[in-house]
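Any value given below was found using the heavy atoms of this structure, including those in side chains, with hydrogens, waters and symmetry copies removed. Keep in mind the model is a prediction, meaning the values are calculated, not measured.
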Amino acid sequence: MENIYGLTQQNLEKYFVDNGDKKFKATQVYEWLYKKRIHDFSEMRNVSKSTIENLSKVFAIKKLEIIDKREDVDVVKYLFRLEDNNKIEAVLMNHDYGNSICISTQVGCNMGCHFCESGRLKKVRNLEAYEMVVQLLQVEEDLNIRISHVVLMGIGEPFDNYDNVIKFLEIINNNKGIDIGSRHITISTCGLVPKIEQFADYDKQVNLAISLHAPNNEIRNQIMEINKAYPLEKLILAIKKYIAKTNRRVTFEYIMLKDINDSRACAKELSELLRGINCYVNLIPYNETSHIEFKKSSKDTILEFYDELKKNQVNVTIRREFGSKVNAACGQLRSNYKED
Ligand code: SAH
């Protein structure tokens with residue numbers, strides 16, 4: 001049976017209209033699901049018995065099973081079991097500006113970035129929209145909190161699951177439902193150029209982050225397979241077009257990898273590459289993992305890199321480190337729990 005959390009309000013309106021019913025019932029159902037957070041159709045008190053009966057024949061209201069939960073300072077990491085037994089993770093971060101959730105979009109990942117734990121399991125499948133919605137609902141319910149920010153930076157490449165991700169955005173952004181403001185949502189991509197071009201035409205003001213990680217093709221080819229398909233000149237051109245169309249600022253994520261991309265010369269080259277682009281750079285201290293040989297840059301190196309970018313008028317921040325003790329940090333999420 002189809003999970004109702006995967007339906008946009010328009011999908012639900014269509015269902016009602018197709019069944020000779022009134023469109024406005026979709027709004028009522030949406031409010032029961034997302035404002036009042038009921039767990040069963042029978043709790044929808046202002047909806048007629050026959051409507052409820054029909055709904056429950058076609059749709060299920062089902063959550064996922066939380067099979068593990070680990071806490072660190074300001075972080076909780078969840079492991080979910082999907083209905084087909086695959087596993088994914090989501091991470092809740094408590095910032096001073098609110099609660100932010102990091103959502104997974106696929107089981108495994110095919111992008112093959114050499115430094116990232118998530119890609120050690122190749123993509124098994126895309127997540128359905130409801131599987132992304134439910135990550136958010138269940139974390140809210142479990143911690144009895146409201147989430148204000150969503151980042152699509154968990155396991156998977158969001159733009160390799162484009163349609164379901166857009167559906168997810170529609171569902172969580174709807175003000176009759178979960179109502180996360182589009183400016184509070186960030187999609188991160190390793191650089192799927194055709195999808196960046198497509199996303200430029202998306203009508204919501206969702207933030208776009210690009211996992212850049214290198215100032216030139218030579219280094220990027222060494223660490224990110226995607227660069228062989230979409231080298232920097234194509235990526236940068238797509239981003240310039242995106243900015244011209246949307247008038248939005250993009251974020252470049254840049255992991256600091258010891259002796260790979262962290263020299264002062266790299267910082268200079270990066271400043272050149274980004275010159276004139278409306279962006280800011282988020283420097284990410286690398287989280288080491290036991291399976292991957294890369295090392296993190298020292299604090300001093302990161303600060304020097306930061307200073308060099310500043311000197312060249314690049315907007316830059318250093319990402320706060322979160323959750324590395326419970327393997328909840330960037331690049332440490334994974335689907336394959338069998339081996340440790
Ligand atoms: N596939 C998308 C979404 C994942 S976002 C993307 O690549 O953007 C996860 C972010 O964490 C990416 O910027 C990724 O490059 C980064 N990351 C991966 N491994 C990491 C690690 N070990 N330490 C810090 N950041 C890492």
Side-chain angles (χ1 to χ4, degrees), residues 72-75 91 93 95-96 100 102 111-120 151 153 186 188-191 208-228 231-233 235-236 239 249-334:
D72 196 348
V73 185
D74 291 335
V75 175
V91 178
M93 287 158 288
H95 294 280
D96 44 12
S100 164
C102 177
M111 297 301 117
C113 299
H114 299 186
F115 44 78
C116 181
E117 191 72 19
S118 299
R120 288 201 310 125
V151 298
M153 298 190 184
T186 303
S188 179
T189 178
C190 65
L208 180 63
I210 309 286
S211 294
L212 188 64
H213 308 328
N216 59 45
N217 282 324
E218 200 191 332
I219 300 177
R220 205 163 189 263
N221 281 337
Q222 277 171 32
I223 57 178
M224 296 176 76
E225 292 301 317
I226 193 70
N227 200 62
K228 294 172 188 159
L232 276 180
E233 50 285 1
L235 178 61
I236 295 293
I239 292 163
R249 182 152 90 157
V250 300
T251 303
F252 288 103
E253 296 159 283
Y254 194 102
I255 304 177
M256 297 294 293
L257 298 164
K258 184 171 191 294
D259 299 335
I260 306 271
N261 64 358
D262 63 350
S263 66
R264 195 173 272 274
C266 282
K268 285 208 175 95
E269 208 176 350
L270 183 62
S271 314
E272 274 311 310
L273 184 70
L274 303 183
R275 187 173 305 278
I277 300 180
N278 181 18
C279 68
Y280 79 90
V281 173
N282 199 200
L283 297 179
I284 311 179
Y286 180 63
N287 297 301
E288 294 179 3
T289 85
S290 49
H291 301 101
I292 300 173
E293 72 282 10
F294 292 105
K295 294 281 170 239
K296 65 193 304 177
S297 306
S298 71
K299 281 221 165 71
D300 285 349
T301 308
I302 297 178
L303 287 174
E304 268 173 39
F305 199 93
Y306 173 93
D307 286 341
E308 185 65 36
L309 291 182
K310 278 256 151 168
K311 210 175 81 190
N312 292 295
Q313 277 90 43
V314 177
N315 302 307
V316 54
T317 52
I318 299 176
R319 183 176 289 178
R320 179 179 159 197
E321 289 178 84
F322 260 112
S324 54
K325 279 201 211 105
V326 290
N327 288 334
C330 307
Q332 295 184 323
L333 304 188
R334 60 211 179 126

Peer 1: Just verifying a value: how many Å separate Ser297 OG and Asp259 CG, rounded to the nearest 0.5 Å?
Peer 2: 8.0 Å
Peer 1: Just to verify, what does Asn278 make a side chain to side chain donor-acceptor pair (under 3.5 Å) with, not counting sequence neighbours?
Peer 2: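 Not a single residue meets the side chain to side chain donor-acceptor pair (under 3.5 Å) criterion with Asn278.
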Peer 1: Checking the side chain of Asn216 only, and the main-chain atoms of Ile219 only, is there a donor and an acceptor separated by less than 3.5 Å?
Peer 2: yes
Peer 1: Atom NZ in Lys258, atom CD1 in Ile302: separation rounded to 0.5 Å?
Peer 2: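 So the gap between those two atoms works out to 12.0 Å.
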Peer 1: Of all the heavy-atom pairs spanning Pro215 and Cys266, show the shortest one and how long it is.
Peer 2: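 Of all heavy-atom pairs spanning Pro215 and Cys266, the closest is CB-O, 3.7 Å.
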Peer 1: What are the two closest non-hydrogen atoms of Leu270 and Phe305, and how far apart are they?
Peer 2: CD2-CE2, 4.0 Å
Peer 1: Measure the OG1-CE distance between Thr189 and Met111 for me, rounded to the nearest 0.5 Å.
Peer 2: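 So the gap between those two atoms works out to 8.0 Å.
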Peer 1: Going by atom types only, do Glu117 and Asn327 share a side-chain donor-acceptor pair under 3.5 Å?
Peer 2: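 Distance-only check fails for Glu117 and Asn327.
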Peer 1: Does either side chain, that of Glu225 or that of His114, offer a donor lying less than 3.5 Å from an acceptor on the other one?
Peer 2: yes
Peer 1: Where do Met256 and Tyr286 come nearest, in terms of heavy atoms and distance?
Peer 2: O-CB, 3.3 Å
Peer 1: Let me confirm one number: the CG-OG1 distance from Leu208 to Thr186, rounded to the nearest 0.5 Å.
Peer 2: 9.0 Å
Peer 1: Under 3.5 Å, is there a donor-acceptor pair between the Asp262 and Thr301 side chains?
Peer 2: no
Peer 1: Please check this pair: side chain of Asp74 against backbone of His95, looking for a donor-acceptor N/O pair closer than 3.5 Å.
Peer 2: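 Not confirmed, Asp74 side chain does not pair with His95 backbone.
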Peer 1: Is the side chain of Arg220 donor-acceptor paired with the backbone N or O of Leu212 at a distance under 3.5 Å, no angle test?
Peer 2: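 Yes; at least one donor-acceptor contact below 3.5 Å.
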Peer 1: Measure centre to centre between the rings of His213 and Phe115, then say whether the value is under 6.0 Å.
Peer 2: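 Under 6.0 Å, so yes.
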Peer 1: State, with a plain yes or no, whether a side-chain heavy atom of Phe294 is found less than 4.5 Å away from one of Thr289.
Peer 2: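 No, side chains not in contact.
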Peer 1: Strictly distance-based, threshold 3.5 Å: is any side-chain N or O of Tyr254 a donor or acceptor partner for the main-chain N or O of Asn261?
Peer 2: yes
Peer 1: Can you name the closest pair of heavy atoms from Ala267 and Ser271 and give their distance?
Peer 2: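 So the two residues come closest at O-OG, 2.8 Å.
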Peer 1: Working to the nearest 0.5 angstrom, can you tell me the gap between Glu308 CD and Glu269 CD?
Peer 2: 12.0 Å
Peer 1: Let me confirm one number: the CZ-OG1 distance from Arg319 to Thr251, rounded to the nearest 0.5 Å.
Peer 2: 9.0 Å
Peer 1: Closer than 3.5 angstrom, by distance alone: can the side chain of Glu253 be matched with the main-chain N or O of Ile284 as a donor-acceptor pair?
Peer 2: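 No; zero donor-acceptor contacts below 3.5 Å.
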Peer 1: Applying side chain to side chain donor-acceptor pair (under 3.5 Å) to Asn217 and Glu233, what does each step give before you reach the verdict?
Peer 2: CA-CA 9 Å; Asn217 282 324; Glu233 50 285 1; 2.9 Å; yes
Peer 1: Should we say atom NZ of Lys299 is surrounded by more than 12 heavy atoms from elsewhere, each under 6.0 Å from it?
Peer 2: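 Open.
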